[in-house]
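Here the structure is laid out as structure tokens; the discussion comes afterwards.
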Amino acid sequence: MTNNPNTHRVWFITGTSQGFGRELVRAALQRGDSVIATSRNPQAVGAAFSAAEDRLLTASMDLRDPAQISSIVERGIAKFGRIDILVNNAGYGVTGAVEEASDAEIANVYETNVFGLLRVTRAVLPHMRKQRKGHIVNLSSIGGLTGMPGWGIYNSTKFAVEGISEALAAELAPLGIGVTIVEPGPFRTDFLGGSLVKAANKMPDYEATAGKTRASAAERNQKQQGNPALAADAIVQAVTSPKPPLHLILGKFAYDRMSQKLDDFRREMETWRALGLGTDFKS
């Protein structure tokens, strides 16, 4: 496939060893684009897409290391000339009741899901601001829109991604840079397998809530309804469209869950409307 300079894009994608990240590399390369792919196993990523090695730069990147992140960003720009689309995909889940999670377990998931995302974004943004164009794609979750028992800590990281992303969208729009937040439901990735950490502490009082979430994770692994390849194709289609969305909900589960939350939210707002509106100063 030849590269049309008007449609050819350079992607920077984190977490490309498996799941959404790997499928996004595939989808972008199939499109004829170039990809800077970071992962824990860059050799495997390179081998999987060796046919497009002239359009692929793979690198191992520690999301805790700002200097290394900046170095890889510079390497990518040196090779391809620019970065058009940043995809913050790297992340993992932690399950257990909020009270069960330890400080270390909470800090570790925030380090990847939130602080890592911020470090990569801050490293890429100066280049996008200079070129006055670009797009940032942040992988959130339906768990970033609605909380569920057993997922409280993970929910909180994705709620943070939602807030960061919505603010970024407003800040960057005048500079020609867009933002899309992707909110998938359950997809057949490794999220419930090797990408999931269970809180070490278990309390009997939470067996009926968070305990059920823990127990069902292994049973649901690789049985999820969502197809990661189709999700990647949808993400690429959305963010390369003339007017990319701010929110992109993927899968029936996520649509149904969010629709129910919106209905419940509106109903609760109206129930307590008079009390809530009565708290302003009376002019």
Side-chain angles (χ1 to χ4, degrees), residues 11-25 35-42 45 59-66 68-69 72 85-96 98 101 104-124 136-148 150-166 168 179-199 213 217 220-221 224 226 228 231-232 235 239 247-251 253-254:
W11 299 67
F12 189 108
I13 307 173
T14 68
T16 59
S17 295
Q18 59 193 6
F20 288 134
R22 188 182 182 94
E23 291 294 345
L24 282 165
V25 173
V35 179
I36 304 153
T38 73
S39 72
R40 292 171 294 181
N41 191 351
V45 177
S60 176
M61 188 173 74
D62 186 345
L63 292 175
R64 299 167 298 180
D65 188 341
Q68 186 185 71
I69 293 169
I72 294 169
I85 301 171
L86 165 63
V87 182
N88 283 304
N89 168 70
Y92 71 93
V94 59
T95 185
V98 171
E105 289 164 340
I106 296 169
N108 287 340
V109 72
Y110 265 84
E111 190 64 52
T112 297
N113 293 8
V114 181
F115 301 135
L117 175 148
L118 286 169
R119 292 185 187 107
V120 177
T121 301
R122 290 199 303 263
V124 171
I136 296 171
V137 182
N138 288 334
L139 266 290
S140 178
S141 164
I142 184 57
L145 295 172
T146 179
M148 291 165 273
W151 293 110
I153 301 305
Y154 175 75
N155 288 151
S156 71
T157 67
K158 294 305 185 179
F159 268 68
V161 170
E162 296 281 337
I164 290 165
S165 302
E166 290 185 358
L168 268 178
V179 176
T180 294
I181 315 163
V182 181
E183 293 122 347
F187 275 75
R188 207 168 295 179
T189 66
D190 194 46
F191 180 75
L192 294 179
S195 297
L196 181 66
V197 171
K198 295 183 179 181
T213 301
R220 291 182 287 122
N221 189 32
Q224 300 95 323
I235 293 168
V239 302
H247 294 275
L248 181 62
I249 295 178
L250 298 178
F253 177 93

(request) Using modelled atom types only, decide if a donor and an acceptor are shared between the side chain of Ser140 and the backbone of Ile181 within a distance under 3.5 Å. (result) no
(request) Measure across Val114 and Ala160 and return the closest heavy-atom pair with its distance rounded to 0.1 Å. (result) CG2-CB, 4.0 Å
(message) Has Glu23 got a side-chain atom pairing as donor or acceptor with Pro228's backbone, closer than 3.5 angstrom?
(response) no
(request) Provide the closest heavy-atom pair for Gly15 versus Asn89 in the form atom of the first, atom of the second, distance. (result) O-ND2, 2.8 Å
(request) Say whether, by atom type as modelled, one donor and one acceptor occur between the side chain of Arg119 and the main chain of Leu63 under 3.5 angstrom. (result) yes
(message) Which heavy atom of Asn155 sits nearest to which heavy atom of Gly147, and what is that distance?
(response) OD1-CA, 3.2 Å
(request) Answer yes or no: is there a donor N or O on one side and an acceptor on the other, between the side chain of Thr16 and the main chain of Thr38, under 3.5 Å? (result) yes
(message) What I'd like to find out is whether the side chain of Val197 reaches to under 4.5 Å of the side chain of Val109, using heavy atoms alone.
(response) no
(message) Which residue in the set Val25, Leu86, Ile85 passes side chain to side chain contact (heavy atoms under 4.5 Å, CB included) when paired with Trp11?
(response) Ile85
(message) Do Leu145 and Ile249 have side chains that approach each other closer than 4.5 Å (heavy atoms only, starting at C-beta)?
(response) yes
(message) With a 3.5 Å distance limit and no angle check, can you tell me whether Lys158 reaches the backbone of Thr146 through a side-chain donor-acceptor pair?
(response) no
(message) So does Tyr92 get a backbone contact from the side chain of Asn113, meaning a donor-acceptor N/O pair under 3.5 Å?
(response) yes
(message) Quick check: closest heavy atoms across Ser60 and Pro42, and the distance to 0.1 Å?
(response) N-CG, 3.7 Å
(request) Could you tell me whether the side chain of Phe20 reaches within less than 4.5 Å of the side chain of Val87, counting heavy atoms only? (result) no
(message) Are Ser141 and Trp151 packed together at the side-chain level, in the sense that at least one heavy-atom pair is separated by less than 4.5 angstrom?
(response) no
